[in-house]
2 protein chains.
Amino acid sequence: MKRTHPGALREILATNLRRIRAEKGLSQDALADLCEIDRTYISGVERGLRNVSIDTLERLATGLRLEPWLLIRRPDADR
Amino acid sequence: MKRTHPGALREILATNLRRIRAEKGLSQDALADLCEIDRTYISGVERGLRNVSIDTLERLATGLRLEPWLLIRRPDADR
DNA sequence: TTGTGACTTGCAGTCCGTC
DNA sequence: GGACGGACTGCAAGTCACA
């Protein structure tokens, strides 16, 4: 695969997604099922290889039952 | 143009972007300059016609000097 | 100053696998 | 359970002329 890797935001998404998914006790496969997104794609997102669109971000958030913006928010809160 | 139009999240982005840009007193052209994104592309985003990727979202946020997640946050805060 | 249609190109997103 | 590869389709990305 080895896609392009330019944005810092994908790293944040990657980390958040992996953490939240783990907290919910879901496998990538299970989440893929909930979101109706391919499992290999989820894998790519969690490794920061994929440049996700906001439509897809929304589907991920819906599958996880949370607000989309929580997935791209920085862990350490500053302005 | 009339691109596809499925996500609710783009409506939120559209509204937020237009509001915030106006608050900063920027024209689409001026913002396009700051973000290094084409003016017509921004126009499409502000009308919810474009399914923006998070890399692009990041560039918009950088141009506006704010956190990316603020652009996709719902105005009225509930769950 | 912004909206819009038309266009090309590269990659988002899916599906089949293996390790 | 997850990382990773190959091949494919559709659409995001990016630009233009004009209203």
Side-chain angles (χ1 to χ4, degrees), chain A residues 1-66 68-72, chain B residues 1-64 68-72:
Chain A
M1 188 202 275
K2 280 301 171 197
R3 305 266 166 144
T4 46
H5 203 201
L9 196 52
R10 350 180 147 179
E11 307 292 352
I12 297 173
L13 171 59
T15 308
N16 287 344
L17 179 57
R18 197 183 287 268
R19 191 194 68 246
I20 294 171
R21 179 177 61 78
E23 283 171 4
K24 306 236 174 191
L26 295 168
S27 68
Q28 288 181 351
D29 234 2
L31 178 58
D33 221 40
L34 289 174
C35 306
E36 296 179 296
I37 292 176
D38 195 81
R39 64 179 171 80
T40 63
Y41 192 77
I42 305 245
S43 171
V45 174
E46 287 194 356
R47 277 174 295 137
L49 300 175
R50 293 292 195 155
N51 183 20
V52 179
S53 77
I54 59 171
D55 277 6
T56 303
L57 185 70
E58 190 172 19
R59 294 169 69 189
L60 284 168
T62 303
L64 288 168
R65 304 244 195 128
L66 44 83
W69 59 270
L70 288 168
L71 287 172
I72 59 164
Chain B
M1 185 199 278
K2 280 301 169 193
R3 306 264 168 147
T4 48
H5 204 205
L9 195 52
R10 12 177 134 174
E11 306 293 353
I12 297 173
L13 170 60
T15 308
N16 287 343
L17 178 57
R18 196 182 287 268
R19 192 194 67 245
I20 294 173
R21 179 177 62 78
E23 282 170 6
K24 306 235 174 191
L26 295 168
S27 68
Q28 288 180 354
D29 229 2
L31 178 58
D33 221 40
L34 290 172
C35 304
E36 294 180 299
I37 292 176
D38 194 82
R39 177 191 68 76
T40 63
Y41 191 81
I42 301 209
S43 172
V45 175
E46 287 193 356
R47 272 169 304 127
L49 299 176
R50 296 281 193 161
N51 183 18
V52 179
S53 77
I54 60 172
D55 277 6
T56 305
L57 185 70
E58 189 173 21
R59 294 169 68 189
L60 285 167
T62 303
L64 287 167
W69 61 270
L70 287 168
L71 288 172
I72 59 164

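Below, read A as the first sequence line, B as the second, and so on, with proteins coming before strands; counting in each chain starts at 1. Given the structure is predicted, the values throughout are model-derived calculations rather than measurements.
- If you measure from atom CG of B/L60 to atom P of D/dA12, you get 15 Å, rounded to the nearest angstrom.
- The distance from atom CD of A/E58 to atom P of C/dG13 is 12 Å, rounded to the nearest whole Å.
- Considering only side-chain N and O atoms, B/R18 lies nowhere under 4.0 angstrom from the phosphate OP1 or OP2 of C/dT1.
- Put simply, A/S53 has a side-chain N or O that comes within less than 4.0 Å of OP1 or OP2 on C/dG13.
- Taking only side-chain atoms of B/Q28, from C-beta outward, the nucleotide of C/dG3, D/dA3, D/dG14 with the closest atom is C/dG3.
- Closest approach of A/C35 to A/G63, counting heavy atoms only: SG-CA, 3.9 Å.
- Taking side-chain N and O atoms only, A/N51 has no distance below 4.0 Å to OP1 or OP2 of C/dC11.
- Annotation: salt bridge (charged side-chain N to carboxylate O under 4.0 Å, His left out) contacts involving residues 20-35 of chain B, sequence neighbours excluded, comprise B/R19-B/E23, B/R21-B/E46.
- Computed from coordinates, the A/L49 CG to D/dG2 C1' distance equals 13 Å when rounded to whole Å.
- Distance B/I54 CD1 to D/dA13 P: 11 Å, rounded to the nearest Å.
- For A/R59 against C/dG13, a side-chain-to-base donor-acceptor contact under 3.5 Å is absent.
- Within 4.0 Å (heavy atoms only), B/S43 reaches at least one base atom of the nucleic acid.
- Per the geometry, CD1 belonging to B/I42 stands 14 Å off P belonging to C/dT1, to the nearest Å.
- No donor-acceptor distance shorter than 3.5 angstrom exists from the side chain of B/R50 to the backbone of B/Y41, with no hydrogens or angles considered.
- Between B/D55 and B/Y41, it is B/Y41 whose nearest contact on DNA chain C lies nearer the 5' terminus.
- Judged as a side chain to side chain contact (heavy atoms under 4.5 Å, CB included), and not counting sequence neighbours, the contacts of A/L70 are A/L66, A/E67.
- Minimum atom distance to the side chain of A/T40 is reached by C/dT14, of the listed C/dG13, C/dT14, D/dT15.
- Qualifying side chain to side chain contact (heavy atoms under 4.5 Å, CB included) partners for B/A14, counting only residues two or more places apart in sequence or in other chains: none.
- Applying a 4.0 Å cut-off to non-hydrogen atoms, the residues of residues 29-39 of chain B that approach DNA chain D are B/D38, listed by residue number.
- Shown here are the side chain to side chain contact (heavy atoms under 4.5 Å, CB included) partners of B/A8, two or more places apart in sequence or in another chain: A/E58.
- A/D55 approaches B/G7 most closely through the heavy-atom pair OD1-CA, 3.6 Å.
- Per the geometry, CZ belonging to A/R21 stands 10 Å off P belonging to D/dG1, to the nearest Å.
- For B/T56, the side chain to side chain donor-acceptor pair (under 3.5 Å) test picks out B/S53, with sequence neighbours left out.
- Closest to the side chain of A/S27, out of D/dG1, D/dA12, C/dT14, is D/dG1.
- When the side chain to side chain contact (heavy atoms under 4.5 Å, CB included) test is applied to A/S43, the partners found at least two apart in sequence or on another chain are A/Q28, A/R47.
- In this model, a side-chain donor or acceptor of B/R50 finds a partner on the base of D/dA13 within 3.5 Å.
- Helical stems of DNA chain D (runs of at least 3 Watson-Crick or G-U pairs, donor-acceptor distances under 3.5 Å) are listed by first residue: C:2-19 with D:2-19.
- Using modelled atom types, no side-chain atom of B/R10 and backbone atom of A/I54 make a donor-acceptor pair closer than 3.5 Å.
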